[in-house]
Undergrad: 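Just passing along the structure, written as structure tokens.
Since this is a predicted model, take the numbers as computed values, not measurements. Letters A, B, ... mirror the listed sequences (proteins, then strands); counts begin at 1.
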Amino acid sequence: MIGMEPSSSSAEWKPTASQEEQWALERHVFHIYQLFCNIPPKSQAVMLELQRDNHIEYLMKGLRHLGPSFSVLDANRPWICYWILHSIALLGESVDDALESNTIDFISRCQDQHGGYGGGPGQMPHLATTYAAVNSLITLGGHRSLSSINRGKIYSFLQRMKHPSGGFSMHDGGEVDVRACYTAISVASALCILDKELTQGVGDYILSCQTYEGGIAGEPGSEAHGGYTFCGLATMILINEANRLDLPSLTDWLVFRQGVEGGFQGRTNKLVDGCYSFWQGGAAVLLQRLHEAGDLFQSHALQQYILLCSQVEGGFRDKPGKSRDHYHTCYCLSGLAAAQFRWSKDADREPLPGLVLGPYSNLLEPIDPLHNIVFEQFDEAREFFTESQHCDDA
Amino acid sequence: MDSDEDERIPLRQRPEWSDITPVPQDDGPNPVVPIAYSEEFAETMDYFRAVYLADERSLRALQLTTEAIHFNAGNYTVWQFRRVILEALNADLHDELEFVEHLASKNAKNYQLWHHRRWVAEKLGSEAAGRELEFTKNIFLNDAKNYHAWSHRQWVLQNLGGWENELSYCDKLLEDDIFNNSAWNQRYFVITRHPGIGGIEGIRDSEVNYTIKAIMTKPENESPWRYLRGLYKNNIKAFITDPKVSTVCLKVLTSKVNSVFALSLLLDLLVHGFEPTQELKTALESLIPESNNSDSDIAARVCSILEVMDPMRVNYWRWRKKSLFSC
């Protein structure tokens, strides 16, 4: 809420860096909204339409080819798979058999012989890329994909990453933070290998990261942050310890992260960014379920920001003026899905369509918000992994 | 190498690498998300794989990790192997600080870089404190809210020391930009963890005064409002009985400025058992006199006012109102 450009001008009054940035963005966004308000309803409907075909084209292209500039993401290839495959699944589409088979084959090449997945073939296993690889394979679904995951070895990898603080290290010799906790616990939960040994101390670690503001930080003492707040809250729910958090202050901090633009910011007094549509919007959905409450944020305003400010012709971006990328495409679409549904307090039940901004054809596939996997595929995987014959090897 | 990149001699033409057979990436016959690597990138990684698989902890391997990191600072495997080599060679870690500082100018938001820096600083011990604080300070000149840099700074303070001037550093940053929430967070970190301060209770009074001053300058700034609540964390009794808290609410409510944060703080006070003065009640009534006389409960009335004044959070305020009567 750095909103409100001052109407009175006082001589000694000089805007700070935070204010300058905020006002510049507001001008940009409100210009778009004003344009939108002044066009006929028919054109408005077009502007609000989710450009499904363009998005699919952009996503499919990335799966098949990435230019040299992607070399900086060479240690994140399972992430690129997940961002793309999850986006495609949210749009209700799937890849053809050949592409599916190639994806399973490629991700298997990232699997370490001692368990877990690395950022590319031959790289060390890493918790975040393990999360991305497992989520990708669950999103593809089917026997071949799901059985390509070596759950027993992933379990030993997770055990090995366990840190004395109660948290997890990202990789051998890697950093310990809330992200590591989430990716480890989410993977274990999705694969039905979550046990006491893995959850031991995790709750204490996450609790130590909840700040005086109410949100959750990456490490004890750091600043409350949207990404870590989603990770921390989802982890606490997955290990059944959410009630140990200060939920009223968490909720209060979170709803205040929705800016006048309709999108979410990651931290107090920072700019809104399309990716927080999921990190904050998804966390809001989790809180709604915990509180058994209806909407706690403005779903309509969020959808408006995503569709009018983040959407470009094929893909999504952080904010007007920035370029699209697969990461923002994935998390803008995930946020859109979080905003479109009515969430049942029963986590096992599929959420029902709620308020959809724009044409009804904008409706995406519902997700399981804890793991951010399309509900149907998540359900299939859970069934697959809980069937006793697949569980025994864990 | 980055000073003159087009003069880079391919590894296969360098005599010191002639004994090494490069190991290509095992991408399979039909990889997805294939990256069209430049020739230099692919070659560097092929040689890196060779020394990594051979576990060759040598000077040339160290230099190779430098090249690989310049191509992609996000490759955590390369960074991890670099640490293994540094340890094996018992290398001078001061050079390593320079390497990281040079990289940070382009990759200030890279996880691996900061993790590596922490590892180096830990090895060097308390002698490194000053340089680390200076290093993060320089990062903040360009990006005062850099998340990794703040985490690093906090780690340095807690593990290597250097607390002496930290509170005045926070003062300075807040003077530059009172909306800088990272600086407010750092302030909270200092007052709760500085070994010489001895906890929040002793410093609360002066901090409350500082915060209220900040609120009165810019009541629309959320940061000090959250900080103020934080000062009373774990002491609800002091929160609702300290007249300074309700007074700042009253001041803002009667000054015709954005009062969402004042109302929201007042609501928290009321929920915790605060008894409002007549003056506060009058101030509330004058905000939206015509509406909501139906709310006999004063906290409910605050919620109703917030529903109107803060439409982005209308659902939240409704829910807060409903929650007033359910527990």
Undergrad: Looking at Y76(B) and G119(A), would you say the former's side chain and the latter's main chain have a donor-acceptor pair under 3.5 Å?
TA: yes
Undergrad: How far apart are the C-alpha atoms of E213(A) and N185(B), what are their side-chain angles, what is the distance that settles it, and do they pass the side chain to side chain donor-acceptor pair (under 3.5 Å) test?
TA: CA-CA 9 Å; E213(A) 288 194 81; N185(B) 186 75; over 6 Å; no
Undergrad: F256(A) vs W317(B) aromatic rings, parallel, tilted or perpendicular, using cut-offs 30° and 60°?
TA: perpendicular
Undergrad: Apply the test side-chain contact (heavy atoms from CB on, under 4.5 Å) to residues H291(A) and S323(B): give CA-CA distance (whole Å), side-chain angles for both, the deciding distance (0.1 Å), then the verdict.
TA: CA-CA 10 Å; H291(A) 292 309; S323(B) 315; over 6 Å; no
Undergrad: Would you mind reporting whether Y316(B) and D295(A) have side-chain heavy atoms less than 4.5 Å apart?
TA: no
Undergrad: Most heavy-atom pairs under 4.5 angstrom with chain A, which of K218(B), M45(B), K233(B), Q158(B)?
TA: K218(B)
Undergrad: Using 4.0 Å as the upper bound for N to carboxylate O, is an ion pair formed by D172(A) and R83(B)?
TA: no
Undergrad: Please assess N269(A) against N221(B) for the test side chain to side chain donor-acceptor pair (under 3.5 Å), listing each intermediate value before the final yes or no.
TA: CA-CA 8 Å; N269(A) 286 339; N221(B) 181 6; 2.9 Å; yes
Undergrad: Short question: side chain of D26(B), backbone of P121(A) - any donor-acceptor pair under 3.5 Å?
TA: no
Undergrad: Are any of the side-chain nitrogens in R257(A) or E222(B) under 4.0 Å away from the carboxylate oxygens of its partner?
TA: yes
Undergrad: So Y111(B) and D177(A), side chain to side chain donor-acceptor pair (under 3.5 Å) or not? Walk me through it.
TA: CA-CA 11 Å; Y111(B) 275 99; D177(A) 61 23; 5.1 Å; no
Undergrad: Taking all non-hydrogen atoms of both residues into account, name the closest pair between R77(A) and P31(B) and its distance.
TA: NH2-CB, 4.1 Å
Undergrad: Quick check, are the ring centers of Y147(B) and Y228(A) under 6.0 angstrom apart?
TA: yes
Undergrad: Going by an N to O cut-off under 4.0 Å, is there a salt bridge joining R118(B) and E219(A)?
TA: yes
Undergrad: List the steps and the verdict of side chain to side chain donor-acceptor pair (under 3.5 Å) for K145(B) and S18(A).
TA: CA-CA 10 Å; K145(B) 302 173 183 178; S18(A) 295; 2.7 Å; yes
Undergrad: Regarding R229(B) and the six-membered ring of Y212(A), is the cationic atom NZ or CZ under 6.0 Å from the ring centre and inside 45° of its axis?
TA: no
Undergrad: Look only at the side chain of T268(A) and the backbone of N181(B), and say whether a donor-acceptor pair between them is shorter than 3.5 Å.
TA: no
Undergrad: Hey, which of Q186(B), H148(B), Q154(B) is the one that makes side chain to side chain contact (heavy atoms under 4.5 Å, CB included) with S222(A)?
TA: Q154(B)
Undergrad: Can you tell me which portion of Y37(B) sits under 4.5 Å from chain A's heavy atoms? Options are side chain, backbone, both or neither.
TA: both
Undergrad: Does a salt bridge link D252(A) with R320(B), judged by any charged N lying under 4.0 Å from a carboxylate O?
TA: yes
Undergrad: Do the side chain of R64(A) and the main chain of V32(B) share a donor and acceptor less than 3.5 angstrom apart?
TA: no
Undergrad: Kindly assign one of parallel, tilted or perpendicular to the pair H171(A) and H115(B), based on the angle between their ring planes and the thresholds 30° and 60°.
TA: perpendicular
Undergrad: Go through the atoms of N107(B) and report whether side chain, backbone, both or neither lie under 4.5 Å from a heavy atom of chain A.
TA: neither
Undergrad: Heavy-atom distance under 4.5 Å to chain B: side chain of D105(A), backbone, both or neither?
TA: side chain
Undergrad: Counting only heavy atoms closer than 4.5 Å, note whether F41(B) contacts chain A via side chain, backbone, both or neither.
TA: side chain
Undergrad: R318(B) versus chain A, heavy atoms under 4.5 Å apart: side chain, backbone, both or neither?
TA: neither
Undergrad: Restricting to non-hydrogen atoms, name the atom on G259(A) and the atom on M312(B) that form the minimum distance, rounded to 0.1 Å.
TA: O-CE, 3.3 Å
Undergrad: Is I107(A) in contact with chain B via its backbone, its side chain, both, or neither, using a 4.5 Å heavy-atom distance?
TA: neither
Undergrad: So which part of F70(A) gets closer than 4.5 Å to some heavy atom of chain B, the side chain, the backbone, both or neither?
TA: both
